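Report on one structure; see the data block that follows.
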Amino acid sequence: MSFPLLTATAALPAIGAIATAAVPAAQRTVAKWVALFFSLGTLVLAGIVFARFEPGGDRYQLTESKAWIADFGVRYELGVDGIGVALLGLTALLIPFVIVAGWHDADPLETKSSRWRPTQGFFALILMVEAMVILSFLATDVFLFYILFEAMLIPMYFLIGGFGDRAHAGTDENAAKQRSYAAVKFLLYNLAGGLIMLAAVIGLYVVAGSFSLSEIAAARADGTLEMATSTERWLFLGFFLAFAIKAPLWPLHTWLPNAMGEATAPVAVLITAIVDKVGTFAMLRFCLGLFPEASKWATPVVIALALVSIVYGALLAVGQRDIKRLIAYASISHFGFIILGIFAMTSQGQSGATLYMVNHGISTAALLLVAGFLITRRGSRLIADYGGVQKVAPVLAGTFLIGGLATLSLPGLAPFVSEFLVLVGTFSAYPVAGIIATSGIVLAAVYVLVLYQRTMTGPVAESVRTMPDLKARELVVAVPLIALLLFLGVFPKPLTEVVNPAVKHTMSDVQKKDPQPEVEAAK
């Protein structure tokens with residue numbers, strides 16, 4: 001039996017979570033280094049998976065399969081395709097930066113009790129989320145995926161509610177209530193979607209007799225599995241609703257600004273750059289893969305909702321006074337682009353959507369973590385409390401600007417390639433939708449540049465006059481992310497080579513071909 005590389009990659013952060021939680025309460029620094037060590041080890045294993053993956057090979061590679069709940073046909077089945085390996089790499093890459101950026105975020109404000117270990121709990125929960133997210137990208141058994149899809153909500157709930165943003169700690173009596181409200185809203189929204197999905201998962205088993213993606217695909221190919229049209233559409237809606245909440249897609253998005261606003265900046269990155277990608281990934285793997293006819297049936301409505309997300313999220317970002325809520329609404333707009341690319345049902349659109357998941361994760365991490373460093377220094381999330389920061393902290397302002405320019409998809413930075421492919425793929429199939437979506441680009445330029453202008457330029461605000469520039473630990477976070485944005489902006493080939501074959505499989509699932517351009521015959 002070959003070495004179970006995929007299991008090891010998912011198990012290592014889970015083991016790290018246990019090891020971190022077991023560190024004695026007084027040894028907070030040791031707990032941080034233990035967590036960082038295991039996150040770097042996971043990155044190494046993810047790199048090995050990426051290196052061993054053959055883009056032109058089988059659809060699912062490095063597969064593992066074991067009987068789990070045999071009486072109900074549930075198996076522990078793992079496999080990685082091009083889309084999964086790209087998101088696996090994103091997750092493993094970002095977690096070390098999340099840990100380093102949040103190095104002091106969970107240090108106790110007072111040390112009266114030797115039994116309370118908030119630092120150990122904070123980093124253990126981050127690693128536990130990493131393990132579940134990685135396993136969800138690898139699961140090829142629908143029931144296994146569902147378990148992970150729901151289980152990751154629990155550590156996220158405690159990260160949001162128990163380790164909230166300290167920007168107004170000690171000055172706002174309602175801070176704890178706001179954190180609790182955000183955490184509960186996050187949990188209830190996602191649990192509601194998960195319960196609906198559970199009904200659809202059971203329905204799928206009743207119809208298909210299996211939870212295995214490979215078995216269902218084989219049964220569909222040889223004609224032994226035929227779903228009634230109405231049944232397939234109801235099952236699709238059960239899955240899609242859960243994924244649209246996780247993504248999040250308008251009008252199921254309202255939990256995200258609260259959760260990101262009240263969480264620490266590293267946890268906010270964990271939410272929008274990593275956990276939310278499970279929703280858009282699952283649309284590709286499960287909605288389009290399991291329910292191709294229903295996916296095509298729902299396409300007009302999903303595209304309309306994606307366009308609303310793009311424009312609505314961008315408009316609300318323009319009007320925000322809170323830095324983190326602005327980034328949250330910008331992310332809603334960006335997820336609209338991702339979902340638009342998926343349901344455009346073109347190879348360019350789906351390749352762009354997958355690249356967008358990766359590049360949005362990197363760009364949002366860069367912008368949000370630097371914003372977190374800024375907020376920690378000033379102790380406020382309000383844009384009006386800043387001004388002239390670039391004169392006292394030029395490196396902080398510069399990295400913040402590059403993160404913002406990546407968010408608005410400036411050519412030469414990684415998100416531009418993704419957004420361009422999404423728009424090209426959409427326009428070739430739905431020209432009107434492509435035209436409407438471009439308004440999101442214009443609005444992105446408005447909210448990013450206005451944010452930078454109001455916080456970084458102009459007269460130096462008295463409250464930031466003594467603000468220090470980025471320190472060594474913070475530069476370790478910001479510089480590699482910016483370098484990666486530049487690298488993938490000019491050389492996206494390492495990702496496109498991996499993603500494109502997987503997109504061809506998805507296009508084959510839904511039996512769609514790219515529209516051919518109409519060329520007027522020469523007279």
Side-chain angles (χ1 to χ4, degrees), residues 46 49-50 53-56 59-61 79-94 133-134 136-140 243-244 246-247 249 272-289 295 302-303 306 310 331 334-365 406 409 413-426 428-429 437 484-485 487-489 491-510 512 514:
V49 172
F50 197 93
F53 184 81
E54 299 178 7
R59 180 172 188 175
Y60 295 112
Q61 300 178 29
V80 64
D81 63 357
I83 299 169
V85 79
L87 294 173
L88 165 64
L90 171 70
T91 303
L93 174 71
L94 290 184
V133 170
I134 287 176
S136 69
F137 290 142
L138 304 177
T140 57
F243 303 152
K246 182 84 78 177
L249 178 68
T272 190
I274 297 175
V275 172
D276 286 355
K277 299 301 187 304
V278 176
T280 47
F281 162 80
M283 290 180 188
L284 279 166
R285 174 168 284 188
F286 298 102
C287 287
L288 273 62
S295 297
V302 176
I303 287 180
I310 292 170
S331 290
H334 294 149
F335 275 103
F337 276 106
I338 295 171
I339 295 170
L340 180 66
I342 292 171
F343 281 86
M345 301 290 184
T346 61
S347 58
Q348 299 98 328
Q350 292 187 358
S351 293
T354 304
L355 292 178
Y356 213 132
M357 292 185 224
V358 176
N359 294 332
H360 170 264
I362 300 170
S363 62
T364 299
S409 299
L413 296 173
F416 170 75
V417 180
S418 318
E419 202 161 274
F420 178 78
L421 286 173
V422 167
L423 290 174
V424 168
T426 302
S428 65
L484 197 56
L485 288 172
F487 175 76
L488 293 176
F491 189 64
K493 185 178 179 181
L495 285 178
T496 56
E497 280 188 337
V498 169
V499 166
N500 288 342
V503 167
K504 290 182 180 179
H505 287 295
T506 304
M507 291 287 289
S508 177
D509 288 339
V510 293
K512 294 284 287 187
D514 291 328

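When a residue number appears, it is its place in the shown sequence, counting from 1. This is a predicted model, so every value here is computed, not measured.
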**OP:** Give the minimum heavy-atom separation between Pro415 and Leu485, together with the two atoms involved.
**Re:** CD-CD2, 4.1 Å
**OP:** Spell out, as yes or no, whether a donor-acceptor pair under 3.5 Å connects the side chain of Asp81 to the backbone of Ala502.
**Re:** no
**OP:** Can you measure from OH (Tyr60) to CZ (Phe53) and round to the nearest 0.5 angstrom?
**Re:** 10.5 Å
Original post:
Given side chains that start at C-beta, do those of Gln61 and Val49 come closer than 4.5 Å, heavy atoms only?
Top reply: no
Original post:
What's the spacing between Leu495 CG and Ser418 OG if we round to 0.5 Å?
Top reply: 8.5 Å
Subject >> Non-hydrogen side-chain atoms of Ser347 and Thr506 separated by less than 4.5 Å >> reply: no
Original post:
Less than 4.5 Å apart, any side-chain heavy atom of Val80 and any of Phe137?
Top reply: no
Original post:
Tell me the side chain to side chain donor-acceptor pair (under 3.5 Å) pairs involving residues 272-284, sequence neighbours left out?
Top reply: Thr272-Ser331, Lys277-His360
Original post:
Taking it one step at a time, do Glu54 and Val498 satisfy side chain to side chain contact (heavy atoms under 4.5 Å, CB included)?
Top reply: CA-CA 8 Å; Glu54 299 178 7; Val498 169; over 6 Å; no
Original post:
Are the side chains of Phe243 and Phe281 in touch, meaning some heavy atoms are under 4.5 Å apart?
Top reply: no
**OP:** Using modelled atom types only, decide if a donor and an acceptor are shared between the side chain of Thr364 and the backbone of Gly361 within a distance under 3.5 Å.
**Re:** no
Original post:
salt bridge (charged side-chain N to carboxylate O under 4.0 Å, His left out): which pairs involve residues 336-348, sequence neighbours left out?
Top reply: none
**OP:** Walk me through it: do Ser295 and Met345 pass the test side chain to side chain contact (heavy atoms under 4.5 Å, CB included)?
**Re:** CA-CA 9 Å; Ser295 297; Met345 301 290 184; 3.9 Å; yes
**OP:** Enter the distance from Leu413:CG to Leu488:CG here, rounded to the nearest 0.5 Å.
**Re:** 10.5 Å
Original post:
Which value, rounded to the nearest 0.5 Å, describes the distance between Asn500 atom CG and Gln348 atom CD?
Top reply: 9.5 Å
Original post:
Can you check whether Ala139's main-chain N or O pairs, donor with acceptor, with Arg285's side chain at less than 3.5 Å?
Top reply: yes
**OP:** Look at the side chain of Thr426 and the backbone N and O of Leu423, then say whether any donor-acceptor pair between them is shorter than 3.5 Å.
**Re:** no
Subject >> Contacts of type salt bridge (Lys or Arg N to Asp or Glu O under 4.0 Å), residue Glu497, not counting sequence neighbours >> reply: Lys493
Subject >> Taking every non-hydrogen atom, the tightest pair across Leu421 and Gly352 >> reply: CB-CA, 3.6 Å
Original post:
So which heavy atom on Val422 is nearest to which on Ala353, and how close?
Top reply: CG2-N, 3.6 Å
Distance-only donor-acceptor hits, side chain of residues 334-344, under 3.5 Å, sequence neighbours excluded:
unit_1, atom_1, unit_2, atom_2, d
His334, ND1, Ala330, O, 3.2
His334, NE2, Thr407, O, 3.2

**OP:** Run the numbers on Gln350 and Leu288 for side chain to side chain contact (heavy atoms under 4.5 Å, CB included), then give the verdict.
**Re:** CA-CA 11 Å; Gln350 292 187 358; Leu288 273 62; 3.2 Å; yes
Original post:
Residues in ring-ring contact (aromatic ring centres under 6.0 Å, His included) with Phe50, at least two apart?
Top reply: none
Donor-acceptor pairs under 3.5 angstrom involving side-chain atoms of residues 85-93: please list them, not counting sequence neighbours.
unit_1, atom_1, unit_2, atom_2, d
Thr91, OG1, Leu87, O, 2.9

